[in-house]
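Starting from 1, each residue takes its place in the sequence as its number. From a predicted model like this one, the values you see are computed outputs, not experimental measurements. Atoms within each ligand, like the ligands themselves, are counted from 1 in listed order.
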Amino acid sequence: MGLFNFFKKNNEVPASLFYDTEVHCHILPGIDDGSPDVATSVELVRQMQAMGIRRIIATSHVTESTFENTPDTIGAAYDSLRAALDKEGIDVAIHTSAEYRMDEYFLKQLNNNTLLPYPENYLLIENSFFQPFWEIKELIFDLQLKGYTPILAHPERYMYYHKTPQIYKELHDQGCLFQVNFLSLAGYYYPEVKAMALRLLEKGMVDFVGSDIHNFKHTEFMKEYLKTKEYRKLAEKASAVINNNKIVF
Ligand SMILES: [Fe+2]
C-alpha cells in the first residue's frame, strides 16, 4: 500500500491504519479478557477491517492460573469465530497464535513443544505489569536456540523499565524484537507510556505495531485517533520501519 493511500483528501473517507497485518489482538471469543462471545468477535473484526486490517494474527493470553490456554482451547475458539465470519461473508485471514506471559506455565509449554507461534516462528511474549520475568535474557536466548524469534509485546508499558531504559537496548541488541501498541502511540494509556513508545520509535527499536484490541473502547479510541493530524505524522514515520506487512500467511 502506498503512503498516499492512507489519507484521502475527502474528509468523508477516514484514514486507514498504516499496517494491514494485525499482529496483536484479543478477538477470539471467550478464552481471555478480550472478546466474551462470538457476536462481539465478529463486530470487532468488522471494525478492524474498516480501519484497513486484512490479515489478523489472533494472540489470546496464555497466562498461568488465569488463562491457561492450549492449542486446543485456542483452536476451538478460532473454529467458532471462523464459522461465524464465513456465515457473514467476512473475508479476512486469521492465523492463531498467542501472547505468552513469561511464567512457569509458559516454560512447561515450551518444553512440551506445544507453543503456537506466528508464521515464520515469531513468538509474542510478555512480562507481567508488576515485575519483569526474572531471567528474561536467558529465556530469550533459549527461545532463539529453539528456532523462535521472540517479540516482546508492548515494552513501553512496563513502567519498571522506564527507570533503567538501557534494558531496552540490551534486549533489542540481543535479537528480541519489539511490538509497540498502537494504543500507546495514540495516548490511550499513561502519558509516560506514550512518551516511551515514541522514544523507542525514535531509537529504531519498533519492529511491529499492534493494536492489542480487547474491546470496543479500544476500537473507538483508535478510530478517533485516525482522524487526527498527529496520526498522519506518526503514520509517515512508523510505516517506514515496521515489519507487520512482511509476515506472510
Ligand atoms: Fe495483549
**Message:** At less than 2.8 Å, would any N/O/S atom of His24, backbone or side chain, sit next to the Fe ion (ligand 1)?
**Reply:** yes
**Item:** 2.8 Å cut-off met by an N, O or S atom of His26 to the Fe ion (ligand 1)
**Value:** yes
**Fill in**
To the Fe ion (ligand 1), the closest N, O or S atom belonging to Asp212 is OD1
**Request:** Please name the atom of Glu99, restricted to N, O or S, that is closest to the Fe ion (ligand 1).
**Result:** OE1
**Asked** What class does the angle between the rings of Phe18 and Phe182 fall in, given that below 30° is parallel, 30 to 60° is tilted and above 60° is perpendicular?
**Response** tilted
**Request:** For the pair His26 and His61, name the ring-plane relationship: parallel under 30°, tilted 30 to 60°, perpendicular over 60°.
**Result:** parallel
**Check: Asp207/His172 side-chain N/O donor and acceptor closer than 3.5 Å** = yes
**Asked** Taking Asn181 for the side chain and Ser184 for the main chain, is one N or O donor matched with an acceptor at less than 3.5 Å?
**Response** no
